[in-house]
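Residue numbers count from 1 along this sequence.
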Amino acid sequence: MYVEMRAQKHLEELLAHLKELMLKHSTIDVLNEISTTYNLLLNPDFTLHSTVDIVFSQLTDDLFSNCKQWMEALKDQSLIDEDNDDVYNLGVNLKRITSLFKQVDLTRWPFTEELINIIEIGVDGNASDMIVVPALTSLHLHILWSLQGLDETKPDRSIMRNIRTLTETLVKNCHNLLKLGSQAAQQEAFVILCDLLMVFAKQLKNRGALGVLVHIPDSSLQSTMCDYVMERVFGDAEGDTEPMTDEEAYAQAEKLNDRRVLLSGFLKLVMYSVVEMNVAAPVFGQYVKFFPDYGDLIRTAITRCREASPLKWYRTILLSLQQLYSTLQEEGSGVVNHTSSEWSELKDLARRIALTTGFDLVKCRHPIVGIHRDGIKFALQDYEKGGDDTTPPSQLDFLDIVSEFSFRLLGVDRTGEKGILAFLRGQLGEGVLEEVVKKEEWKPLLNYLCSLEKYQAGMGGTKNGEEHETSVITHSVKKKGGRGTKRKQTQGETETNKSLRLQTPED
């Protein structure tokens with residue numbers, strides 16, 4: 001419009017008003033609208049681009065210059081006191097720069113050293129959030145704009161070195177802020193970490209020469225991020241009360257939305273293998289407890305992780321269940337209360353996770369068998385094989401948790417020659433299963449055996465009632481002498497089971 005109507009004077013008035021508004025206001029919504037307007041006017045396809053760029057450059061020069069002056073004035077002063085005029089002015093100016101950075105590339109202005117200085121002061125706890133948070137965001141945006149400006153075929157090596165250095169510095173400081181910073185600084189640091197780690201994930205190697213910029217988080221950072229999610233997402237949610245007014249309900253909904261953003265950011269890192277899957281085991285353990293608020297997010301992550309790596313998935317799921325089980329043991333001084341709501345919740349968690357494996361039993365065969373075998377090992381880990389003592393191991397009731405996955409087993413994996421029953425006999429020792437299974441203190445073992453037989457019968461068996469409950473015991477005992485008898489094929493066994501008979505997963 002300004003070009004077609006030759007309204008140069010009106011354009012100058014608009015730019016003057018925009019600059020005045022930018023320097024006068026500090027409300028983030030107003031600043032974002034002004035920044036969006038500048039972004040539209042700075043379109044290089046417009047003939048008025050050069051005029052707008054000159055005015056915009058003058059504004060940006062003033063903003064950066066003012067920040068440097070106030071930082072110099074505060075060199076020997078505390079940056080915590082927001083009532084200090086210089087501290088307040090510095091914070092507001094950084095907010096304006098951050099707002100512009102979201103819409104316009106400001107990397108040509110050298111200001112990264114000052115931003116890093118502010119962030120490091122914040123890590124030491126000597127700077128206000130109104131300064132630290134926009135400094136974090138501005139440095140983050142500087143890195144992203146620098147990356148976007150690189151030529152993938154022949155990138156500038158000096159810019160790449162600068163990006164790598166700034167990325168490592170920002171990741172390190174965000175890691176420290178997660179442990180030491182205020183709640184606002186922690187949240188901004190976490191969001192930035194989720195974004196940076198995704199941008200510089202190993203998938204960046206697909207972009208040719210930019211592969212050298214890949215940044216892999218160390219185990220300490222991964223654990224810190226998981227701890228933050230457990231505390232900020234799940235810990236804070238436990239303190240929520242029923243809202244009494246519409247205002248309280250709205251505030252609670254806003255908090256829930258913020259937590260969902262944090263959780264989804266972390267789970268995305270897990271799904272794309274940026275964060276190791278086993279690190280997320282405590283998060284997966286909250287699936288049932290916080291199902292109304294986060295169930296959809298956690299379920300999606302569990303499903304995607306299984307599709308990406310079934311081996312890592314079953315080990316992570318088992319680790320999650322073991323962690324929750326061990327917590328119950330510690331709270332009960334070594335004994336799990338089977339009448340508690342926590343125990344029921346743990347069993348429900350195992351069953352719901354089993355349900356996420358879908359309808360194709362063949363596709364999820366190996367991870368389900370892995371859960372059973374490793375679960376048996378965990379339940380019997382303090383059992384002395386070959387000894388005379390038949391005292392049940394202290395974690396035997398973990399088999400009740402493993403039994404929730406029994407309905408996902410194929411028939412050949414339950415009672416085949418290399419199936420779960422044979423594996424269980426091998427773990428207990430020759431002749432032990434039939435000796436201890438009817439003892440009251442070994443009841444979890446009987447329950448587990450019945451879970452295997454129950455679903456075996458449901459897949460085509462004919463046993464029921466009392467005969468059904470005890471048949472699995474006699475079925476697992478091999479006759480001594482000779483080569484033994486071959487297990488008869490049940491009447492309803494499917495063709496799938498027949499074809500899989502020689503493909504049973506090994507230990």
Side-chain angles (χ1 to χ4, degrees), residues 26-29 31-32 35 67 71 79-80 82 87-88 90-103 106 111-147 166-200 215 217 220-237 251 254-269 274-275:
S26 59
T27 306
I28 191 64
D29 292 337
L31 297 178
N32 287 340
S35 301
C67 280
M71 287 185 66
L79 299 181
I80 298 178
E82 295 182 4
V87 172
Y88 176 79
L90 176 59
V92 171
N93 242 37
L94 286 172
K95 187 189 293 186
R96 292 169 179 147
I97 291 173
T98 301
S99 177
L100 289 173
F101 233 142
K102 292 177 181 178
Q103 297 290 339
L106 304 181
F111 196 63
T112 54
E113 291 184 8
E114 289 80 1
L115 293 174
I116 293 172
N117 185 35
I118 292 172
I119 294 170
E120 290 178 345
I121 294 174
V123 171
D124 295 333
N126 297 321
S128 167
D129 287 343
M130 72 176 300
I131 295 177
V132 176
V133 171
L136 283 168
T137 308
S138 293
L139 186 57
H140 173 218
L141 293 170
H142 181 98
I143 294 171
L144 296 183
W145 278 112
S146 299
L147 179 63
L166 290 178
T167 301
E168 292 174 351
T169 301
L170 183 55
V171 168
K172 181 186 71 174
N173 283 306
C174 286
H175 186 189
N176 291 331
L177 283 171
L178 273 184
K179 296 183 290 186
L180 305 171
S182 64
Q183 182 169 315
Q186 283 182 332
Q187 182 166 326
E188 186 66 21
F190 183 85
V191 172
I192 288 173
L193 282 171
C194 290
D195 194 23
L196 279 181
L197 294 178
M198 275 303 303
V199 171
F200 294 100
H215 184 92
S220 175
L221 175 57
Q222 294 181 36
S223 298
T224 302
M225 293 182 72
C226 182
D227 292 341
Y228 175 76
V229 169
M230 293 298 296
E231 178 183 352
R232 180 73 174 83
V233 176
F234 302 111
D236 289 358
E254 286 289 315
K255 290 180 180 178
L256 175 60
N257 183 64
D258 289 342
R259 294 179 194 137
R260 283 178 62 87
V261 169
L262 298 176
L263 178 60
S264 60
F266 178 75
L267 291 177
K268 186 176 181 180
L269 294 177
V274 178
V275 169

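- Here F111 pairs with F64 under the ring-ring contact (aromatic ring centres under 6.0 Å, His included) rule; sequence neighbours left out.
- Of all the heavy atoms in A127 and I121, the pair that sits closest is CB-CG2, 3.8 Å.
- Note that OG1 of T167 is 4.0 Å distant from CD1 of I143, once rounded to the nearest 0.5 Å.
- Here the CG atom belonging to L221 is positioned 9.0 Å from the OG atom belonging to S223, to the nearest 0.5 angstrom.
- Atoms CG and CG, from L196 and L170 in turn, are 5.5 Å apart once rounded to the nearest 0.5 Å.
- From L178, atom CG reaches atom CD1 of I192 across 10.0 Å, with rounding to the nearest 0.5 Å.
- Of all non-hydrogen atoms in P134 and G91, the two that sit nearest each other are CG-O, 4.4 Å.
- Legend: residues meeting side-chain hydrogen bond (donor to acceptor under 3.5 Å, both in side chains) with Q186, ordered by chain and number and at least two apart, are absent.
- Residues L115 and L139 approach most closely at CD1-N, 3.8 Å, considering heavy atoms.
- In this structure, F266 and V233 have side chains that are not in contact, with every pair of non-hydrogen atoms separated by 4.5 Å or more.
- Under the side chain to side chain contact (heavy atoms under 4.5 Å, CB included) criterion, S182 pairs with D129, A184, A185, sequence neighbours left out.
- Side-chain contact between L79 and N126: absent, with no pair of heavy atoms (C-beta onward) separated by less than 4.5 Å.
- K95 contributes a side-chain N or O that, together with a main-chain N or O of S26, makes up a donor-acceptor pair within less than 3.5 Å.
- Shown here are the side-chain hydrogen bond (donor to acceptor under 3.5 Å, both in side chains) partners of Q222, two or more places apart in sequence or in another chain: there are none.
- In terms of the side chain to side chain contact (heavy atoms under 4.5 Å, CB included) criterion, residue partners of E120 (sequence neighbours excluded) are, by chain and number, I116, N173.
- Between R232 and Q187 the shortest heavy-atom distance is NH2-OE1, 3.0 Å.
- Rounding to the nearest 0.5 Å places CD1 of I119 at 4.5 Å from CG of L136.
- Side-chain atoms of V229 and L263, non-hydrogen and from C-beta on, do get closer than 4.5 Å to each other.
- With sequence neighbours excluded, the residues satisfying side chain to side chain contact (heavy atoms under 4.5 Å, CB included) with S128 are E82, M130.
- Listed by chain and number, the residues in a salt bridge (charged side-chain N to carboxylate O under 4.0 Å, His left out) with E168 are R164 (sequence neighbours excluded).
- Judged as a side chain to side chain contact (heavy atoms under 4.5 Å, CB included), and not counting sequence neighbours, the contacts of D195 are H140, L144, V199.
- Judged as a ring pair (Phe, Tyr, Trp, His ring centres under 6.0 Å), the pairs with a partner in residues 168-190 (not counting sequence neighbours) are, in order, F190-Y228.
- Applying the side-chain hydrogen bond (donor to acceptor under 3.5 Å, both in side chains) test to N176 and every residue at least two apart in sequence or in another chain returns nothing.
- Checked by atom type, the side-chain pair N93/R96 shows a donor-acceptor distance below 3.5 Å.
- In this structure, I28 CD1 and T98 OG1 are separated by 7.5 Å, a value rounded to the nearest 0.5 Å.
- Residues A189 and L177 approach most closely at CB-CB, 4.1 Å, considering heavy atoms.
- In this structure N32 satisfies the side-chain hydrogen bond (donor to acceptor under 3.5 Å, both in side chains) test together with S99, sequence neighbours excluded.
- Across all their heavy atoms, I97 and L106 have their closest contact at O-CD1, 3.9 Å.
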